[in-house]
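Report on one structure; see the data block that follows.
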Amino acid sequence: MRRSRALWAGITAVVFAVIPLLTRDTFALRVVTEAMMWIGLAVAWDVLGGYTGYLNFGHGAFFGLGAYTTAVLMMRGHWPFALALAAGGVLAGAAAVVAGLPTLRLKGAYFAIATWALARAVQQLALVLEFTGGPDGMRLPPFLNPQFFYYLMWALVSVIFVVLWILLEHSAFGLKLQAIREDEEGAMALGLKPTTIKIQAFVLSTVPAGILGGVYAYWITFIDPASVLGDLVTDQSVVMAVFGGLGTLVGPAVGAVLIYAFKTFFWAYLSEYQVLYLIILGTVIALSVVFLPDGLIGLLTGRGRAEAPRSPEPADENPPELREAAP
Amino acid sequence: MRRVVAFTLCAVLGTSPAWAQADRNYFKVGVITSLSGDLATGGNVTKRGYDLWAKAVNEAGGIEVNGKRYPVKLYYADAQSEPSQGASGAERLATQQEVDFVLGPYSSGVTLAVAPVLEKYKIPMITGSAESPLIWRQKFAYTFGTIPPVNYTGSQPVGALAGLAPKPRTAIVLGSNDAFSKATAEAFKTAAEAHGIKVLKFNIVPSGQDLIPLLSAAKVLRPDVIAFGGHDEELINLVKALRQINYTPKALLMHYGVTEPAFVEALGKDAEEVFGASVWTPTLPTRGDLLWADARAYAEAAQKEYGVPADYTQAGCSAAGIAFQAAAARAGVTPPLDEGEKRALRDALEALDIETFYGRIDFADRGEFYHANTGLEALTVQIQGRRPVITAPAEFAEAPARYPTTPWNDRR
Amino acid sequence: MLWQLLPQAVLDGLLIGGVYITVALGFSLAFGVKHIIDFAVGEWIMLGAFLGYYLQGWTGLDPLLLLPVVFAVFTAVGYAIQPVIHRAVSGRRGNPVLMGLVFTFGLMLAIRGAGLTVFGFFSHSIPSVMSARSWFLEAGGLFVTVPAIRLVGFVYAIGITAVLHWVLRHTDFGLAVRALAQNRDAAGLMGINARRISSWVYGIHVGVSAMTGVVIGSIFSISAQMGGDYTILAFFVVVLAGMGYLAGVPWAAFLLGLVQSLFLVYGNPSYTLLAVFAILYLILLVSPRGLFAKGV
Amino acid sequence: MSRELLAVDQVSMIFGGLRALDDVSFSVGSGEIVGLIGPNGAGKTTLFNVVSGYCRPSRGRVRFDGKDVTGQRPFHLARLGIARTFQIVKPFAGLTVLENVTVACLLHHPRRRHARQKAWEILEFTGLAERAGRPASGLTLAGRKRLEIAKALSLNPRLLLLDEVVAGLNPTEADRTIELILNIHRSGVSILIVEHIMRVIMNISDRVAVLNYGAKIAEGPPQQVAQDPGVIEAYLGEAAA
């Protein structure tokens, strides 16, 4: 099973590598480039959301932070793109430490709200600062080479995927995250430092978002607080990961491809029904929580069925949070 | 999952049809606008403007070039209020549909992302609604706009207010922190200072902020004018807040938002006598050679087609089509346009100077308004009898400005 | 000059805070009892506001008289939806709190989409006779203007808080709710029907939020996209108060209102929201369980 | 008594107004099995929480192997060699039995592969090997309690705190668990065990300490404690209530 998965991953990667050689269609390249960006974002979100059980509702803030850092350094500091991009990733990771310190000590509920607020705080910051261009945003020098961005995105997303695959599925780190997700108190008894590990996971989740944001900025050539610091990135990453399957790497990737394909199709052919999109997106996410708690991937791999009922007691009442609240 | 990937790949790659281009006898026109997302309201207004133009042109047989008529066919791309989707849409229109020219996005953000893509493919674009001064500072060779930027339109009403008696001496200028509103507020401020009105307070505030503490503090300064840059919801909130603290300035000035029906609908008598800026109203005396003879004719056609009154955004969008129509005729280009013909079309646009139902269209070919339409006269409007009425400049004025504004409590 | 503005700024801050109380009250109750973070709280406010708007249009009555109707309708809606939420949070995947978050997040998107479809994109206002009134008070060189509609909103908020407080403290239902919040198992032993009580709690949350929408529509404006702004307000207040700690809500709301008001008058208005965020961050850093360290 | 491994010195724990532990002192010697008994609410679990670092005592000190470890966090104590089980067993439900134990083995075997090898050994030792691939959530109560022990054991502890690992099991399961505990003890691990079932405590403990209302009321060899009038009264009192 493992080997065949690796094989298929390899084949997928090779297919993606040759696409630009097969087509001269720059629009198709653009679509696939963006799809890959969403794969990277959804998978990165899942490091914290799925593996660690902390829902980051401010994923877009880190994406935007990367985008702005790259843009500011390139435009005001005249840094080369590659360096500015790396700086964007580093800054996104540093922001995760700052944001995580007060919030990751707490229960997931606080974290979810705090990250949501953080996203708005970062957006406000970009709106009032001078060097970010305020509400007017920033333009970057157009470098309109679709192949370049395609390969860059492909390489970055592949690296992100492989690194996460190794760290989460084949090294101790992933296991630690899952242990903390399942029972933080119990994990402490086994020598794990939850807050430290959670902050590491947060950084691991936000650095890719920051880097992808930087690529986005250079690719699209224009960023402003509404487009890179709005709700879109967060909303879509969450939906893609939940729909695809939390706590896996393949799940969010599949979710990203399907939802992005749906979105592209929807807006290419059904744009008269505009706002239905939100309704469909919302309904899909709400229903998948109820009927597909393991996401699409749970359905495909049968993971959902193999798992025995969670506990002999009625799964019903008493969330763990409540029980832990008692001293 | 593999099958899914494969399927998606095929679906994506399979959508690159080879269009028979040889002897096309109609124009392919790309339309990029935001039909969904935050900007969908405005985006759909622009779509109406573009659609109405296409319908009228085709009813007349098409665009007349060298005595022959070529119909137009519109190809849409929904920017979804996202710059990236706008750029993506532009790429599709340029490479798959191979459009001859493009009618542009609603917002300046999307325009700024779309313009470089079209630059690359050398496809001329006219936006009928983006009005941020930023666009024109970028000096895109192929991007034009029919609506003058806000710093061009925003100063006219301030000047008009300064000419009223008794002359307003002091003003408070507030703006919401988004690109359009901030530029509007800055234009108001600059113009006020130029006309000798003292600006007591100038603040840019976060969008959606409850302004009552700020207005309470401002009330103490007793400003003659309160000028505010914002969008519909914020305009309504501002008027309601002033109403709540019961302060009536001599003049309350906003931008185009007051001309939207929603403004009057929401505020009723409190909307009366609020000043605004515009470049076009259905009653503007204009004279057009192409499609519609004057503003009234256009307004009637729009009302008939959509059942709602046309605003200046919609008119600006229809006018963008007319600009292309006129430029194509002058350049003598026929579909499909090759690169040289697109360049000729662009040059013709730059040289264009025509009268339309919308007013004069004359794109600047240099300066800070590069490729924005500077042929128009900015208008001062005031809500009178539940509709926007032109009060300045004098040659277009329908009625004198009501000034100073009737106190809130004295209205019927 | 500056100090003269102080009474007005403080009053405005308190009046703003008053509105925030009811934005956050139902949300805090739902969290305290059901541990549901309701991402859709702003959307309930939006839906309530539009129901008030249309009812006002049809009946011509003052929106403030329509509050009970809106409350009744949306309490029923909340009561009916709770079983679905319950099902979402008690699925096989552990972590009910997070599943509830994701579920209400989906609900939020769907309601917003539906709102945009049905109500369109334009802004409206709910006219009330009170929005045209105000009182000017002056004493000893100090003066304040009291906008009537805002005072109504303030009184409404205090009233709802008082009623809720009374119900929780002095009725059998309130006892059951408190028992449920303390300990579900024990509550079950005491013969309390946890599901029915939960449904009522969520119903009350939705009902109060929707009613608040009408008050907000009378003070400000309403649009199908307004929800997000109020969701974040609710989050702010509840985190400041300590999650699930109902008694902290009014104080947190007032603090938030005062910070905004004072900052708008005495600070740089551009940074108002940033100041609010900074304060929230600092408080979380120092006292993670809210102002009173009483959060769950 | 052999060399002192754990020393609890005049520890008090106050929650609000409630005195959960009142000036409790006792010790566990190296190689000893010490039983901790007392009626419900006597403070046994609280004492466990203090010793394993989940609660910081209001007063008093805890020493482990001669070092003061009062108030140290659980993960530090785990590193020092204190392992515990939980009365309410909560395995990492989404993980398999093997993964559960592997997490614990990571403490001394930082590489996932090595930890997994070690985990297999522990599973063999604890008799869980044939259930290794199953989700932990699917285990029976006995299996879960055993898993708790396996995880604690994986930390290579010098002191093992067992919180009611026998209660609730049927006699056969109980006997097997007792045997496992004795095996662990034989491998050189000191044990502090809380148990409700007298038979277990009396059979395996070298020494027994008795808590009642947060205070230690007796300590000594099992037989001696069983005859202590204060202890009998405490238990009778509970039975009568």
Side-chain angles (χ1 to χ4, degrees), chain B residues 36-45 174-177 182 201-221 231-247 257 260-271 308 408-409 411, chain C residues 1-2 4-5 7-13 15-16 19-20 53 113 116 120-127 130-136 143-151 218-223 225-226 228-230 257-258 260-266 268-274 276:
Chain B
S36 52
D38 294 345
L39 308 171
T41 322
N44 282 290
V45 172
L174 303 175
S176 214
N177 200 0
K182 194 178 169 200
K201 215 170 171 30
F202 171 74
N203 285 133
I204 301 297
V205 293
S207 301
Q209 174 69 45
D210 186 350
L211 292 174
I212 209 152
L214 201 53
L215 294 171
S216 298
K219 179 185 177 182
V220 177
L221 304 172
H231 286 289
D232 57 344
E233 191 181 342
E234 294 152 350
L235 304 185
I236 294 168
N237 289 349
L238 182 93
V239 173
K240 288 186 85 170
L242 283 174
R243 184 80 193 77
Q244 284 163 17
I245 62 170
N246 194 24
Y247 183 68
E260 282 179 359
F263 182 76
V264 173
E265 186 266 339
L267 291 171
K269 66 181 179 353
D270 292 340
V308 289
W408 303 117
N409 287 337
R411 301 178 178 203
Chain C
M1 188 67 211
L2 275 177
Q4 278 187 311
L5 298 175
Q8 182 74 56
V10 169
L11 177 79
D12 286 338
L15 294 181
I16 292 174
V19 178
Y20 293 173
Y53 172 73
L116 287 170
F121 288 85
F122 287 109
S123 300
H124 305 274
S125 162
I126 309 177
M130 300 309 277
S131 46
R133 270 163 223 222
S134 64
W135 297 286
F136 185 73
F143 47 86
V144 287
T145 306
V146 186
I149 187 70
R150 300 222 172 201
L151 191 65
S218 308
I219 300 177
F220 307 103
S221 57
I222 65 173
S223 78
Q225 310 193 65
M226 69 193 273
D229 293 344
Y230 292 99
L258 284 172
Q260 287 194 31
S261 173
L262 294 174
F263 212 85
L264 277 172
V265 176
Y266 294 108
N268 179 345
S270 304
Y271 295 97
T272 309
L273 265 183
L274 268 185
V276 169

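Proteins get letters first, then strands, A, B, ... in listed order; numbering begins at 1 in each.
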Shortest non-hydrogen contact between [X] and [Y], atoms and distance:
X: B/K240; Y: C/F220; result: NZ-O, 2.7 Å
X: C/Q8; Y: B/S216; result: CG-CB, 3.4 Å
X: B/P206; Y: C/S270; result: CG-O, 3.8 Å
X: C/T272; Y: B/Q209; result: CG2-OE1, 3.8 Å

Less than 4.5 Å to any heavy atom of chain B: does that hold for the side chain of [X], its backbone, both, or neither?
X: C/S223; result: side chain
X: C/I222; result: neither
X: C/T145; result: side chain
X: C/R133; result: backbone
X: C/F143; result: side chain
X: C/Y53; result: side chain
X: C/A132; result: both

Would you say the side-chain atoms of C/S221 pair up with the backbone N or O of B/N237, donor to acceptor, closer than 3.5 Å? no

For the interface with chain B, which of [options] has the highest count of heavy-atom pairs at distances below 4.5 Å?
options: C/I219, C/I126, C/L15, C/L274; value: C/I219
options: C/P269, C/P147, C/S134; value: C/P269
options: C/N268, C/I16, C/L11; value: C/I16

Any side-chain heavy atom of B/D210 sitting closer than 4.5 Å to one from C/R150? yes

Taking the side chain as everything from C-beta on, heavy atoms only, tell me whether C/S125 gets closer than 4.5 Å to B/V239.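 When only atoms from C-beta onward are counted, B/V239 and C/S125 do not touch, as no gap falls below 4.5 Å.
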
At what distance, to the nearest 0.5 angstrom, does [atom1] of [X] lie from [atom2] of [Y]?
X: C/L5; Y: B/K219; atom1: CG; atom2: NZ; answer: 12.0 Å
X: B/I245; Y: C/D12; atom1: CD1; atom2: CG; answer: 8.0 Å
X: B/E233; Y: C/Q225; atom1: CD; atom2: CD; answer: 8.0 Å
X: B/E260; Y: C/F122; atom1: CD; atom2: CZ; answer: 5.5 Å

Going by side chain to side chain contact (heavy atoms under 4.5 Å, CB included), B/Q244 matches just one of C/V146, C/L151, C/I149. Which one?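 Going through the options one by one, the only one that passes is C/I149.
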
Out of B/D270, B/L174, B/L214, B/L211, return the one with the most heavy atom pairs under 4.5 angstrom to chain C. B/L214

Heavy atoms only, distances under 4.5 angstrom: which of B/L238, B/V205, B/N203, B/N177 has the most pairs with chain C? Name it, please. B/N203

With a 4.5 angstrom heavy-atom cut-off, which part of B/I204 approaches chain C: side chain, backbone, both or neither?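 The answer is both parts of B/I204.
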
